[in-house]
Amino acid sequence: MIYYLAMGSLLGVSAGMSPGPLLALVVSETLAHDIRAGIRVALAPLVSDLPIVLLTLFVLSKLSDSHSVLGGISLVGGGVIFYMGVQGIRTSGVVLDMEKKAPRSLSKGVMVNFLSPHPYLFWISVGAPIMGRAMAVNVGAAIFFVAGFYLLLVGSKVSLAVLVGRSKSFLKGRVYVVTMKCLGGLLCGLALLLFKDGLGLLGFL
């Protein structure tokens with residue numbers, strides 16, 4: 001179970017700190033209003049992701065006997081994670097949006113996340129297949145994976161809201177850049193494991 005907790009935590013913190021629509025909204029709300037506004041937006045995945053997770057788990061449960069399909073999905077997931085890793089390694093910081101904007105509520109943060117393709121792509125190609133393997137071990141492993149993922153996903157965005165609120169240069173600073181490069185290297189290693197699983201399901205290993 002610790003393996004799935006660690007995997008969920010790595011994916012969560014990487015997704016939470018990587019540039020994207022929701023992080024942009026967290027940053028812009030923090031800069032335009034205050035830290036609390038950024039934190040409210042950071043909580044959006046806890047609301048918006050539930051139907052996405054349930055939908056992808058339902059679809060993949062219908063494909064559980066098709067090793068070729070699951071193998072292909074695992075390879076796609078490996079590609080997604082490898083891309084995230086390369087982007088992390090190549091990062092040089094995030095350009096902050098200093099434009100003043102109208103206040104946005106948690107509901108608008110939920111809408112941004114729900115309409116973004118990133119959660120769907122992640123759960124279809126990465127999250128749900130890992131959940132399936134965790135469930136094959138026991139229910140606790142799956143719970144550990146989800147708990148680690150969302151604790152670090154939301155926690156990292158909340159932390160970034162606090163840090164950006166206190167120092168507008170943080171997302172362009174050395175600590176953020178080095179952290180993203182290290183996470184990128186770990187994600188590339190995880191991608192290799194997903195590639196191995198995919199090739200195994202397809203009968204090449």
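Counting from 1, the numbers follow the sequence of the chain as shown.
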Are any side-chain N or O atoms of Asp49 and backbone N or O atoms of Ile52, one a donor and one an acceptor, separated by less than 3.5 Å?
no

In the structure I gave you, are the side-chain heavy atoms of Val137 and Tyr4 within less than 4.5 Å of one another anywhere?
yes

d(Met111 CE, Asn113 CG) to nearest 0.5 Å is 11.0 Å

Honestly curious: do Tyr150 and Leu50 fall in one hydrophobic cluster under the side-chain, below-4.5 Å linking rule?
no

Let me confirm one number: the OG1-CD1 distance from Thr30 to Ile39, rounded to the nearest 0.5 Å.
7.5 Å

Please find the pair of heavy atoms, one from Val80 and one from Ser125, that lie closest to each other, and give the distance.
CG2-OG, 3.7 Å

Write down the atom of Gly78, the atom of Leu194, and the distance for their closest heavy-atom approach.
CA-CB, 3.8 Å

Does Leu54 share a hydrophobic cluster with Leu46, counting links as ILVMFWY side-chain heavy atoms below 4.5 Å and allowing steps through other members?
no

Validation row: Met131, Thr56 side chains within 4.5 angstrom (heavy atoms):
no

Students often mix this up, so state it plainly: with edges at 30° and 60°, are the rings of Phe122 and Phe149 parallel, tilted or perpendicular?
parallel

Pairing residues for Ser159 by the side-chain hydrogen bond (donor to acceptor under 3.5 Å, both in side chains) criterion, not counting sequence neighbours:
none

Is Leu201 close to Ile73 at the side-chain level, that is, under 4.5 Å between some pair of heavy atoms?
no

Step by step, would you call Cys188 with Ile89 a side chain to side chain contact (heavy atoms under 4.5 Å, CB included)?
CA-CA 9 Å; Cys188 288; Ile89 292 172; 4.1 Å; yes

d(Lys157 NZ, Ser18 OG) to nearest 0.5 Å is 7.5 Å

Within a strict 4.5 Å, meaning less than it, do heavy atoms of the Leu190 and Leu11 side chains meet?
yes

Heavy-atom pair of closest approach, residues Met1 and Phe144
O-CD2, 3.8 Å

According to a 4.5 Å side-chain heavy-atom criterion applied to Ile, Leu, Val, Met, Phe, Trp and Tyr, with indirect links allowed, do Val154 and Trp123 form part of one hydrophobic cluster?
yes

Is there a path of hydrophobic side-chain contacts, each under 4.5 Å between heavy atoms, that joins Val86 and Leu187?
no

Taking C-beta and beyond as the side chain, do Met84 and Ile81 meet within less than 4.5 Å on heavy atoms?
yes

Taking the side chain from Ser167 and the backbone from Val164, do they hold a donor-acceptor pair closer than 3.5 Å?
no

Short question: side chain of Thr179, backbone of Val175 - any donor-acceptor pair under 3.5 Å?
yes

Same apolar cluster (I L V M F W Y, side chains within < 4.5 Å links), Leu43/Met17
yes

Taking the side chain as C-beta and beyond, is there a heavy-atom pair between Val41 and Val112 under 4.5 Å?
no

Taking side chain as C-beta onward, heavy atoms only, is Val27 less than 4.5 Å from Leu23?
yes

Heavy-atom pair with the smallest gap, counting every atom of Ser156 and Leu152:
OG-O, 2.7 Å

Does the Tyr120 side chain pair with the main chain of Phe114, one donor and one acceptor, at a distance under 3.5 Å?
yes

Grab the two heavy atoms, one from Leu202 and one from Ser68, that are nearest each other, plus how far apart they are.
CD2-O, 3.4 Å

As an exercise, state the distance from CG of Leu5 to CZ of Phe145, rounded to the nearest 0.5 Å.
10.5 Å

Could you tell me which non-hydrogen atom of Ile35 sits nearest to which non-hydrogen atom of Ala161, and how far apart they are?
CG1-O, 3.9 Å

Spacing of NZ belonging to Lys172 relative to OG belonging to Ser92, to within rounding of 0.5 Å:
11.0 Å

To the nearest 0.5 Å, tell me how far Arg133 CZ sits from Met7 CE.
6.5 Å

Under the 3.5 angstrom rule, does the side chain of Ser74 hit a backbone N or O of Leu70 as a donor-acceptor pair?
no

Does Gly88 offer a backbone N or O that forms a donor-acceptor pair with the side chain of Thr91 under 3.5 Å?
no

